[in-house]
Structures are given as structure tokens and as C-alpha cells.
Amino acid sequence: MRVLDTRKTELPMSTAYHPETVETEAQQYWAEAKCFEVGEDTDKEKFYCLTMFPYPSGKLHMGHVRVLTISDVIARYQRMQGKHVMQPMGWDAFGMPAENAAIRNKVPPAKWTYANIKEMRSQMDRLGYAYDWSREIATCRPEYYRWEQWLFIKMFAKGLVYRKNSIVNWDPVDQTVLANEQVIDGRGWRSDALVERREIPQWFMKITAYADELLDELDRMPGWPDSVKTMQRNWIGRSEGVELTFDVAGEEEPLTVFTTRPDTLFGVTYMAVAAEHPLAEKAAAENAEVAAFVAECKQMDAAEATIETMEKKGMPLGISVIHPLTGDEVPLWVANFVLMSYGTGAVMAVPGHDERDWEFAKKHGLPIRQVIAPADGSDIDIDEAVFVDKGITVNSGDYDGLDYEAAFNSIADWFEQNGRGRRTVNYRLRDWGVSRQRYWGAPIPIIYCDDCDAVPVPEEDLPVVLPEDVEFTGHGSPLKDIPEFVNVECPNCGKDARRETDTLDTFVESSWYFARYACPDNDSAMLDERAAYWMPVDQYTGGIEHAILHLLYSRFFQRVMRDEGLSDDSEPFTNLLTQGMVLKDGAKMSKNKGNVVDPQELIAKYGADTVRLFMMFAAPPEQALEWSDEGVRGSFRFLKRFWNAVQAHLDAGPVGRLDVAALDTRQKDLRRKTHQSIAKISDDLGRRYTFNTAIAASMELLNAVTRFEDESEMGRAVVHEALEAVVLMLSPMVPHICHALWAALGHETALVDVRWPTVDQSALETDLVEIVVQVNGKLRGRVSVAADADNDTIGQQALADPNVQRFVAGKEVRKTIVVPGRLVNIVV
RNA sequence: GCCGGGGUGGCGGAACUGGUAGACGCGCCGGAUUCAAAAUCCGGUUUCCGAAAGGAAGUGAGGGUUCGAUUCCCUCCUCCGGCACCA
């Protein structure tokens, strides 16, 4: 047999697999040759490969390693396809964890962040990622955030940013604004105080101005997963409906509501407003019970998930609303599930034909009226079950007997003709609130003057630099206590004025960093012609948890930059791959659960290639990956086998030229396997992104080589071709070991500059194919038939199989289905 | 609650366009090597019946379409992601 067993080969010590040596040498070569630093080469096809940049939280965790490796595999594969590949890396460096660490350790957020960046960058280098570090970005650097301050000012000038009141979680004890995740069961995480909803003025970006464009373009984005596009469509939530005004008894101001179901208007039996609505406030002033209820409503956190899952509560305000068509009075309620920030803060309730209204009416004994009947004429009992389908109007006065469309149109017409409403489009999408009452973020470039109101900082005064050397207590933003920061002259009138101390949402930084990687050093413009060369990103990789917010904000910002003349592109990311989480024992790795696996330890023990290989082999990228220590050992074993197989082949001496015409059957079989594998793995890596099956196919090919016992000249030549193919095809996943083995196989050119292997179609040809034979859909036998046999011949051969005969004998063959090259199904 | 995704051997997963369910790997069992162990190599491994040949069942549960369903449709269970201040 072929000698691949280390025991028998007695290899010198120097040829054993030592990952650390191999990896250090490869990494040194890449660094010294500057293999991954790229300029703009218009003669080559560019490929921009990008991973969502990490938050510098301290050390890399397995989730990072997974997504970084996925992106690296794609980058390296595309390079082998001859593309001009850029893969940059940087840091989403502003954010809350730095403030929390500052409170805990008495270290300024900046210092903590820069230390983490240093640590994580060295970990990334140890993993062998093909990054162009000359383009590194850290969003907390003024050179970076000055340009988003600049864009903010441009948007201000265009009316794309504006200020309005909105609700935050207020911790009355710590006197600070809390993030949703800092509110636990309605209480502050540190103070344990009951959180209040408080309205404060905040800055908003008008993403709704682009709502239709963001929605429509989704239909022309084939490189994005359908699931993400569907989530974004639903998030934008475009609905066509009617705005209707209802008079309120004893009030000047009418109540405006939006509905997509004006056909159900005659079924309105009550109305409801949010606790913050002026009518609720007014009633609260006169009625202690209402006041208590309104106060209770304000004492819950602002997250939609909380509001949707909590008990639906409400209370009549003692105010009547006049039904515009019947003139009937219906009661006005205040309800905890109506949101002031969504639509008009008021809703009309049709309990007969809306699930939530029906349950609320049942609970509070409000009347339920049927005004829609099923289109098929069947009877329903509206007291027993709600009916939400579209149907035919009944009990609707002059509007009876109409289908949805007719009823919608005639009622909408009436409101428009009487000046009491209008057809309108409503979006679930709300404008983006970007103000954060926090220190560790990019300062909002606004100055408040008593005379001139909010004035943007003049362009020439940018950046507004965040002071980095601060004492951080956790009680409000330290910026308020820095007079040199706060006290400024009004750029308009020169009077004493105050600087804005709120900072920008960190999603702002991550909404344009991808374009800045093209020109990170430009200090006179946000973007330049290099961005035009590299954008859009050809392959973007990141967690599915960003399916909506980050990806939608980035699509919005790309359009803002386009309309500012900075880019010709509307969409930032041509292809999107969303990777799953890394789990251990079925749960997300987290410090709380104590199930964290540190990549560092594994790299020290097995090397970076083993860690990379396991990550890519254990699951396809979109799926959650279950961690397994045994699986890692298996990957290490495979790499040792791989190494030893190549070494054993080399030890047997030089290899002659492959003469395809001189091969015997078994040599042809191995060569067919080689080229089948090249075809499959190319497809897995280039189209399907199923790295797990690509690795499995490489293992199969290596197993075939190991089992192949043929020391003849042609036997060794066929083995040589197979081993070279495996080395090339595994190299995107395990670049270090392949770098070393490629050189050992006698090549002068470093693997990183070698092209991907090509399929020799003639090697795939075969004379006989195996066909599966079924009887009534059950597997009963296999037959070997000529590859070019016609269906009749295949059918007859199938019928002749002895075991097939056992099930067919004495019965009439009713039908024979032949799937060429695959199977025959005989139906009796 | 709403939106999106998943559920296949003891475990991770494969089956790409409706056509052989379980590739590849882990684990386990048996064997070789070893004084012994580790490491390594060889063989086996969905479950049940059977000495074997072979047969029956089987992809979260139930139903449907089809010559044929892990794949398509309906109902349900369950786990995960998001829900606008975690990033």
C-alpha cells in the first residue's frame, strides 16, 4: 500500500506538522511582501469584500472569528479567481460598553477603547486574515467623525435633520437616560428605580423621505437574501389608507386618525388615544382616576415588544367623539397600546373587524357591530369571533353591499369632497432619532443661541472634537461639566451660546464607514474618486441581527451621500451574506452563562488553521454553529493527515509528467474524482458559499488519494495532480498550511498569487453510470448502464434486475418513469 | 404580540431544480501497532426483524398534492434573531 503512515515512513522531525512555525512563516511572508495592500487598478476587475466591523469590546470571541473567517475565505477565493480584492478592517469604536467599563474601572473610555483595538488587531493578525491594514478606521478618531458632522450640517441645510420632542427612558435616581437594554422589568439596571418615560427635544434624520425608494429598490437586489428583504419591506410597512377627522364634543380641535379600512367605518364603536395625547392630558387634569392611569402608562419602558405583549389597558375619558357619517356619539378612551410616536397618536376602533379592538371591547363591555359580511355569503356571529377578512359592507347605511374596493373609494371620496379627510400613504417606518444623552459618541455639531436658536457649527470649525481625557461617573454626560467644551460664541451673532452636549447614535458611524475605507486618509473631503472605484461593496458579511437597523440606515446614508454628489451609487452592498451565531450547549456564548470558549487558547494549542477549519466545517455560514471541542480535535487531525500525505508523496521522490492518454482505469477514476471535486468545490465556494461541503469534498478527495495504491509513474503523477488540487482548494480556509505545502511541492510562486485550478472536462467522462431502480417509489435495486443508453434500454435493464423481479413478477407494469442518469421508477 | 428564520442518527451536519435520506466529520464499538498507554492506521456504526440475502419504519406533530416529498401546500408545537437607545 502507499506509505502514508507516519509510523512506517519514519519521517525526519522537520517534516512533522508544527502549526506555529508554519503559520508564523506564512504570516511573515504576507506582511513583508505586503500581499494584501491594494491600490486602484482600473485594468483589473475589483472585488470589495467586507465584514461588519467589530465593536472593540476587549478580545475576539468566537462570533468574531466566524464572520471574519467567512469573509476571508471569500476574499482569498476571489483573489485566486484573478480579481483585484480589497478587504479592509476597522473599529466601530463609539458606544456604551466603553462608558460602562469607565464606571467600573475608572479608566477613560478612549484609553480603554484604544487598548482593546490594539489587542484585537494582534489577535486578527494571528488568525491570518488577508487585510489591508493601511486602510484601518477607528470611528472615535476626529479624522473620521468630522465627516459625519460635515454631512449632518449638509443634511441640516436640506431639512433632512430636524429637532422634535420624543420619549426616552429616564432613571429618576441616577438622573440619566437609559438604553432599552438597561431597563429590566421597568426598573433601572443600576438604581433599581422605576423608569419614567420622559419627553425631551432630540435630533432626527428624515429617513422617511426615502421610504419609497428604499422599499422599491429591494425588488432589484438579487444579491440579498429574501428573508432580509422581506423584513425590511415589513419594517418600512407602506400602507395605503385614509386620514379621517372626527369632531370632538366640546372641543375646537378635531381628532385625526389613519385607517387602511375605511370600509369598516360604520363599525366604529369607540376611539382611543395615547397617554401623551393632549386630550388625555386634558381629561387627566380634571379627573384623578384618569390622571392616575395616564401616570401609570408613562411608567413603562418604551420598547415596542413590551407594549405589544403587556396587558391591554384603557379607561374612558368622559369625552365623546362624533361619528362623521352617522352623527352618533362614540366614547373616547385612553389606552396603553396606542403610541403617540406612531401616526397621530389616536386610533378608531372597529371591534367587529380588528383582532385587538375585538378583545379590548369584550374585556370592557364595549359594543361590537358587524359591518362586513363574508364575500361567500356565509353567516358569522360577530359576538363569537372577530371577522378580519375583506368582504361586503352591511349595516353601513348608504354604503351597504359594496366590496372592499368600492366601499374604500366611495367613503374616501366623501371625506375628500367634504374636506374632512384625504387618501394618504402611511409608513410604519419612523424618522431616525440620532440624539444620545451620552458622552462616548460623536458630538452633534450644533450650537444653541438664545437669539438664533439651533445653529450648525460652520464647516471650517469642524471637527467638533470630543475631549478624551475626562472623568466619567455615570451620572449624566461629563461634557456638560466641561466649560471649554460647552461655552462658545454663536457663529451667527457672536453672542454667548452653548454647544450641544448630546452625541450621535453609533449607528451613524456604521452607516458610511464602508465608503470611507476607500479613502481613509483624505482630509479635505468625505469621499473621493477612490470611493468611486471601490464602491459598492461586492460582498458584505455580517450577523442577521443587523438585518433591519444597520442595513437600512446604511442604505439611507448611501442615498444621502449620492444626493450630496459624493457617490453615483444608490445601494452600498451588492451581495449580502448573513451568518448565524456561535452556540455552546445550544445557547449563545456569554459570560453570564459561563459557556465562553476563548479563541486564543485554541490557537495556542492547535494553530489558527485548525480553528478556521473547524469554524468553516461545522455548519453552513447562515446557520447557527454548535461549538464542539471534539470537532476541533477532528479538524486538527485532518490537517495532520493532510500534511503527512503530502510529505509521504514528496518523500517517494520526483514525479514525472502526467500523460492523460497513458492512464489505466483506476488512474482515470482518481483523476475523475479530482476534477469532479474541482467542479464541486468551485461551485461551493464561488456560488453557494457552503464552505462545509467544500471541505467535506476536499476530505473525500484526500481519502481517495490515501487509499490509492499505485507507485507507478502515472499513478504518482495522478496523485500529484490530486494533492496540488487539494492544497489550492483548501487554501482559502487554511491558508498557512497550504502556503507551506505549495512551496514544498516545488513551486516558486507563493500560493497567494496562484490561480484557482480548472476542470478538465475530458477527465469527467465515464462509460457506465449507476441507476437506482424503484418499484412504486421504493428502492429495490441498482443497475449499471451505459452512459448514453436510451430510456427504453434503461427501463428494460432495470426490469431485469432479480430483486426488482420479486416485486414486479405477476403484476402489470402500469407506468415506467426514467430519470436519465439517476433512477427508474416502475409503477405496478 | 408582530416580522423573519430553523427543527434530519448518540452529536455537528449532507441531500443544490420534487428523484438513492444520513455525504463529510465527531463520538462509540471491534481490530492492528505497543510491555502498556497516548498518538496513529484498518473495519463497522439510523432504528427494528433476520445468520445472511433481504424486509419494515424513519427527516418536530398531524393532514394534503404527486409515480415519487427532508424538499411544495395547509394546520399546529417548539427553538432562535429583530422590534427603532446593545452593537
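Below, chains carry the letters A, B, ... as their sequence lines are ordered, and counting in each starts from 1.
Rounding to whole angstrom units, CH2 of residue A:W643 and C1' of B:A39 are separated by 18 Å.
Across every strand in view, B:A53 sits unpaired, with no contact that passes the Watson-Crick or G-U test at under 3.5 angstrom.
Of the candidates B:G55, B:C85, B:C24, B:G55 carries the atom nearest the A:F807 side chain, counting heavy atoms from C-beta on. Taking only side-chain atoms of A:N234, from C-beta outward, the nucleotide of B:G81, B:G25, B:C3 with the closest atom is B:C3. Picking from B:G25, B:C67, B:A84 the nucleotide with the shortest atom distance to the side chain of A:V827 gives B:C67. The listed nucleotides are B:A56, B:C24, B:C85; the one nearest the side chain of A:K778 is B:A56. Here the side chain of A:A619 is nearest to one of B:C24, B:C16, B:G13, namely B:G13. The listed nucleotides are B:G54, B:A84, B:A23; the one nearest the side chain of A:N803 is B:G54. The nucleotide whose nearest atom lies closest to any side-chain atom of A:H546 is, among B:C41, B:A23, B:A87, B:A87.
Phosphate proximity of B:A14 to A:T693: absent, as no side-chain N or O sits under 4.0 Å from OP1 or OP2.
Counting any heavy atom pair closer than 4.0 Å across all strands shown, A:M581 reaches sugar-phosphate atoms only and no base atom. In this structure, A:V773 reaches neither bases nor backbone, as no heavy-atom distance under 4.0 Å exists between it and the strands shown. At the heavy-atom level, A:P54 lies nowhere under 4.0 Å from the strands shown.
Checked by distance alone, A:N825 brings a side-chain donor or acceptor within 3.5 Å of a matching partner on the base of B:C67. Scanning atom types as modelled, one donor and one acceptor separated by under 3.5 angstrom connect the side chain of A:R687 and the base of B:C16.
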